[in-house]
Amino acid sequence: MDFEFTPEQIQVRDMVREWAQREVAPYIREWDAKGEYHPEIYRRMGELGLLGLPIPERYGGGGFDYVALALACEELEAVDTFLRVAISVHVGLNSLTLLQWGTEEQKQRWLVPQARGEKLATFALTEPGAGSDAGHIQTRAVRDGDSYILNGEKMWISLANTADHFLVFATLDPALGHRGLCAFMVERGMPGLTTGSLHGKLGVRAGDTGWISLQNVRVPAENMIGEPGEGFKIAMSAIDQGRFTVAAGACGLIRACLEASVKYCHERQAFGQEIGRFQLVQQMIAKMVRGYETSRLLVFRAAELKNRGIRNTRETSLAKWHACDCAFEAANDAVQIHGAYGYSNEYPVERYFRNARGAVIYEGTREIHTLLQAEYALGYRVDKPLRCPQPPAQGYETVVVRG
């Protein structure tokens with residue numbers, strides 16, 4: 001593995017850092033405090049090419065690799081989590097899924113405008129009674145001629161009240177469990193589709209999280225992604241991509257906690273010296289450094305596999321689990337270092353703490369990842385080849401792995 005960034009990767013990192021620091025950082029404290037949502041930010045992200053960063057140029061994207069995507073996610077979340085969430089759902093969970101599983105016609109119809117930033121997309125799997133247990137989804141899809149009729153409710157959907165395109169998962173028969181799931185592209189404006197925003201969230205208050213209601217929504221059969229009953233495999237491969245972006249973003253949150261804490265350690269005096277001189281404070285700083293460096297290494301390892309089209313479910317799970325736990329610990333320690341001020345939004349670590357908590361839940365809880373890693377180690381879990389394997393990044397060749 002080459003640990004030197006290419007000029008293109010550095011260009012992406014610096015561009016995203018400069019834009020986020022200029023256009024979001026000065027305002028995010030107020031937006032978060034008021035729960036203000038600014039959808040125009042996504043238009044700017046589209047203009048910058050961020051909404052199509054890893055999508056091949058032939059489909060309207062930037063053609064960058066997964067290291068560049070990771071660096072972009074890190075810089076976005078270093079300013080605020082809501083920025084990285086947009087990449088996770090629009091790029092990771094939706095667009096990269098279309099790239100992997102969609103037909104050429106479907107890619108031209110939905111992926112191209114999404115990669116260009118002309119349309120915003122999201123991913124609708126979670127329901128009021130089904131989160132980690134995706135096989136328990138109750139949203140129904142009933143065939144009716146050349147269409148499917150969808151009925152159900154989706155909850156905790158990022159960009160629910162903003163997106164134009166929805167990758168919706170429904171079951172042909174709840175008795176079939178995960179074998180009955182199907183994936184559909186649903187478009188805003190289809191009769192029977194309504195959305196709304198959720199309020200009162202602990203964190204990510206500047207972002208749009210909401211619900212989706214499907215009441216007799218007629219979706220053309222050609223809107224099905226993949227084959228009937230293939231929805232669970234599609235959802236899990238999509239979540240692999242989403243977890244990667246979450247892990248990369250967590251690195252940015254750790255770094256933000258570290259930078260804020262180091263700054264405060266030099267400013268704050270106690271017992272006649274900077275608080276950074278105290279060993280128990282240094283211990284917390286050192287843990288942040290360790291968490292940042294180890295999380296980044298796991299993320300870049302997964303990125304290298306993704307670049308070459310190699311299955312990386314285990315590696316991405318480990319990166320997500322480790323990075324998100326480290327981010328929450330870093331935010332918790334950052335609040336402690338700031339003392340009473342850490343309990344106030346006068347300093348950003350209070351917001352980092354609230355934002356970090358969610359990532360330990362979404363894209364697979366820490367408990368789910370614990371079980372995954374144990375089952376891989378014990379030999380109980382073995383990844384089987386997919387009908388549509390993840391394509392390599394533009395400019396990379398697929399590597400065939402023979403066991």
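Since the structure is predicted, the reported quantities are computational estimates derived from the model, not experimental observations.
Ring to ring, F123 and F169 are close: their centroids are under 6.0 angstrom apart.
For R140 and D173, the salt-bridge test fails: no basic side-chain N is under 4.0 Å from an acidic carboxylate O. Salt bridge absent: R188 and D164 never bring a charged side-chain N and a carboxylate O closer than 4.0 Å. Ion pairing between a basic and an acidic side chain is recognised when a charged N comes within 4.0 Å of a carboxylate O; E315 and K320 show no such pairing. Using a 4.0 Å cut-off between charged side-chain N and carboxylate O, D333 and K287 make a salt bridge. Contact check on R296 versus E74 returns a salt bridge, with a Lys/Arg side-chain nitrogen under 4.0 Å from an Asp/Glu carboxylate oxygen.
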| field | Trace of the ring pair (Phe, Tyr, Trp, His ring centres under 6.0 Å) decision for Y396 with Y66 | value | CA-CA 11 Å; Y396 289 79; Y66 285 90; 8.8 Å; no
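To the nearest 0.5 Å, atom NE2 of residue H338 and atom CD of residue E267 are 8.0 Å apart.
Within a 6.0 Å radius of CD in Q279, other residues, nucleotides and ligands contribute 12 heavy atoms or fewer. Atom OH of Y341 has 12 or fewer heavy atoms from other residues, nucleotides or ligands within 6.0 Å. In the displayed structure, Q9 atom CD is contacted under 6.0 Å by more than 12 heavy atoms of other residues, nucleotides or ligands. No more than 12 heavy atoms of other residues, nucleotides or ligands shown are found within 6.0 angstrom of CH2 on W156.
Contact annotation: the side chain of V217 never approaches that of Y148 to less than 4.5 Å [non-hydrogen atoms, C-beta and beyond]. Side-chain contact between R243 and I239 is present, with heavy atoms from C-beta onward closer than 4.5 Å. Taking 4.5 Å as the limit, some side-chain heavy atom of W19 sits within range of a side-chain heavy atom of L76.
When the options K119, R218, R109 are evaluated for a salt bridge (charged side-chain N to carboxylate O under 4.0 Å, His left out) with E187, the one that passes is R109.
Remark: R357 qualifies as a cation-pi partner of F328 under the 6.0 Å distance and 45° angle criteria applied to the six-membered ring.
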Report, one line per pair, each donor and acceptor closer than 3.5 Å where one atom sits in a side chain of residues 46-54; sequence neighbours left out.
| unit_1 | atom_1 | unit_2 | atom_2 | d |
| --- | --- | --- | --- | --- |
| E47 | OE1 | R44 | NH1 | 2.8 |
| E47 | OE2 | R43 | NH1 | 2.7 |

